[in-house]
S.K.: 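My questions will all concern the structure given below.
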Amino acid sequence: MSLAQQFGSDNYAGICPEAWAAMQEANQGHAPAYGDDAWTTAAADAFRALFETDCEVFFTFNGTAANSLALASLCQSFHSVICSEIAHIETDECGAPEFFSNGSKLILVPARNGKLDAAGVRAAATRRDDLHFPKPRVVSITQATENGTLYRLAEIAAIGDVCRSLGLHLHMDGARFANACANLNCTPAEMTWRAGVDVLCFGGTKNGMAIGEAVVFFRKELARDFEFRCKQAGQLASKMRFLAAPWVGVLQDDAWLRHARHANACARRLAQALEGVSGIRQLFPVEANGVFIDFPPDALAALRARGWRFYTFIGEGGARFMCAWDTEPERVDALAADIRAVMAERSATPALVAGA
Ligand SMILES: *Cc1c(COP(=O)(O)O)cnc(C)c1O
C-alpha cells in the first residue's frame with residue numbers, strides 16, 4: 001500500500017517515532033474527556049516551558065481551523081486581516097478565515113519571496129481609515145513562508161513594531177514553525193512574543209504528527225472563550241489526550257527540532273544537487289524544507305512520467321518539492337538524478353528546446 005517516498009508535500013510522511021510512542025503510552029486505561037486529562041495539561045505545560053512564558057494553548061485538528069479560529073478571535077466581522085497575497089489563509093483555506101470571523105476581509109499585500117515587510121504593512125494598514133472600508137485589525141505572517149523562505153528576527157520585530165504603533169494584532173501561521181526555528185537558530189520565544197507576535201499557530205502535522213496543530217496565545221486576554229469557538233467549529237476533540245500526547249512526545253528532548261533540521265538539510269541537499277543544471281531555475285532561497293523550481297512545461301511532464309509527484313500551484317508557481325522528517329537522502333539523490341536526466345534528454349532534442 002505504501003508509496004516510495006515522494007516530495008509532493010511534507011504531509012505525505014507518516015508519524016515520527018516520538019509522536020507514535022506517546023500515542024501508545026496515552027492509550028492505557030481511561031482518562032477524562034475534552035481536555036480534562038493529564039496529557040493535555042502536560043502538553044500545554046510543555047509549550048509554556050518551550051516559550052518561556054505563561055501562554056494559553058489549545059489543540060485543533062488542522063491548520064486551517066487553527067488559523068481561522070485564531071483570526072476570528074482577534075477580529076470582529078467588520079475588521080480586516082493584512083496578509084501576503086500568497087498566504088495559506090488566502091489561497092488554501094477555502095475562505096475559512098472569512099467564514100469563521102463572519103466576514104473579516106483579507107487585505108492582500110504583494111510579497112517578495114513570500115514575505116511582507118514593515119513598510120508594506122504600514123501602507124496597507126493606513127491606506128484607508130474611513131468607515132466604508134473594513135478596519136485593519138490583524139497582520140498575519142507565515143513562518144516559514146509558503147515559498148520556503150524565512151523572516152529574520154529583525155523583520156518580524158519591525159512588523160511587530162508597526163502593529164503596536166497602529167493597534168494591530170500580529171498572528172503567525174507556523175505550519176512550519178519548527179523548520180524556521182531549526183534554521184534560524186533562535187529560541188521559540190525570540191521568534192514570537194519577544195518580537196511582537198500575539199498568537200501563533202504551531203504546526204504539528206508537517207513536523208511528524210498524525211494530526212494536530214496548537215494555537216498559542218501569548219496574551220491571555222485574547223484567548224478568552226476560545227474553547228467555545230473550538231467547540232462550535234467542531235474542533236474540540238473528545239478524546240483530547242490523543243491530540244495532546246504527541247506534542248508531549250515531540251517537544252521532549254528537542255525531537256521537533258531534530259526532525260525539522262533533518263527536513264531542512266534534505267531540502268538543501270536537493271538544491272545543491274541541482275545547482276548548475278541548465279534550463280531550470282531555483283525560484284527562492286532554500287531556507288526551510290522546500291525547494292521551488294521553474295521548469296519548462298515539457299520537463300514537468302517528463303518528470304511526472306518518471307513517477308514523481310509534486311505540486312505546481314503553491315505560492316507563485318513552479319514545481320515545489322518538500323522534504324519531511326523522514327526523507328531519505330537516497331530519494332533526494334534519485335530525484336536530483338532524474339531531474340538532471342530529464343533536462344539532459346531535453347537539451348539533446350533541439351526541437352523541444354526551440355519550441356518550449
Ligand atoms: C499546511 C499548511 C497549513 C495547514 O493546513 P491544513 O491542511 O489545514 O492542516 C497552514 N498554513 C500553511 C502555510 C501550510 O503550509
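Hydrogens, waters and symmetry mates play no part in the numbers below; they use all other heavy atoms, side chains included. Note that ligands are numbered from 1 as they come in the structure, with each ligand's atoms numbered from 1 the same way. Residue numbers run from 1 in the order of the sequence given.
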S.K.: At a 4.0 Å threshold, what atoms of ligand 1 neighbour a non-hydrogen atom of N62?
M.R.: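 The list of qualifying atoms is 8 (O), 9 (O).
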
S.K.: Hey, what's the ring geometry for F59 with W247, parallel, tilted or perpendicular (30° and 60° as the breaks)?
M.R.: tilted

S.K.: Report the residue from N67, T64, T205 that forms a side chain to side chain donor-acceptor pair (under 3.5 Å) with E213.
M.R.: T205

S.K.: Applying a 4.0 Å heavy-atom criterion (strictly less than), which segment of I89 is in contact with ligand 1: side chain, backbone, both, or neither?
M.R.: neither

S.K.: For ligand 1, which atoms have a heavy atom of A175 less than 4.0 angstrom away?
M.R.: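 Result: 2 (C), 3 (C), 10 (C), 11 (N), 12 (C), 14 (C).
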
S.K.: Do R194 and T187 have side-chain atoms, one donor and one acceptor, less than 3.5 Å apart?
M.R.: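 No pair is found: no donor N or O on one side chain lies under 3.5 Å from an acceptor on the other.
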
S.K.: Who's the nearest protein heavy-atom neighbour of atom 7 (O) of ligand 1, and how far?
M.R.: T64 OG1, 4.4 Å

S.K.: Just need the protein heavy atom nearest to atom 6 (P) of ligand 1, so name the residue and atom and give the distance.
M.R.: G63 N, 3.6 Å

S.K.: Considering only protein heavy atoms, which is closest to atom 11 (N) of ligand 1, and at what distance to one decimal place?
M.R.: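 For this ligand atom, the closest protein heavy atom is D173 OD2, 2.6 Å.
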
S.K.: Assess whether a salt bridge exists between R176 and D10, defined as any Lys/Arg side-chain N lying under 4.0 Å from an Asp/Glu carboxylate O.
M.R.: yes

S.K.: When you check the side-chain N and O atoms of N183 and N264, is any donor under 3.5 Å from an acceptor?
M.R.: yes

S.K.: Any N or O of R176 that comes nearer than 3.5 Å to an N or O of ligand 1?
M.R.: yes

S.K.: Which ligand 1 atoms does T142 reach within 4.0 Å, using its non-hydrogen atoms?
M.R.: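 Answer for ligand 1: 13 (C).
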
S.K.: Would you say CG of D129 has more than 12 non-hydrogen atoms from neighbouring residues, nucleotides or ligands within 6.0 angstrom?
M.R.: no

S.K.: Nearest to atom 15 (O) of ligand 1 by heavy atom, K206, E213, E146: which?
M.R.: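 When every heavy atom of K206, E213, E146 is considered, K206 comes closest to atom 15 (O) of ligand 1.
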
S.K.: Specify whether F202 and F47 have parallel, tilted or perpendicular ring planes, treating 30° as the upper limit for parallel and 60° as the lower limit for perpendicular.
M.R.: perpendicular

S.K.: Please determine whether any non-hydrogen atom of T205 lies less than 4.0 Å from an atom of ligand 1.
M.R.: no

S.K.: Name the orientation class of the two ring planes belonging to F321 and F310 (parallel below 30°, tilted from 30 to 60°, perpendicular beyond 60°).
M.R.: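 The rings of F321 and F310 sit tilted, inter-plane angle from 30° to 60°.
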
S.K.: Tell me, which protein residue and heavy-atom name are nearest atom 5 (O) of ligand 1, and how many Å apart are they?
M.R.: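 Its nearest protein heavy-atom neighbour is H88 CE1, 3.4 Å.
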
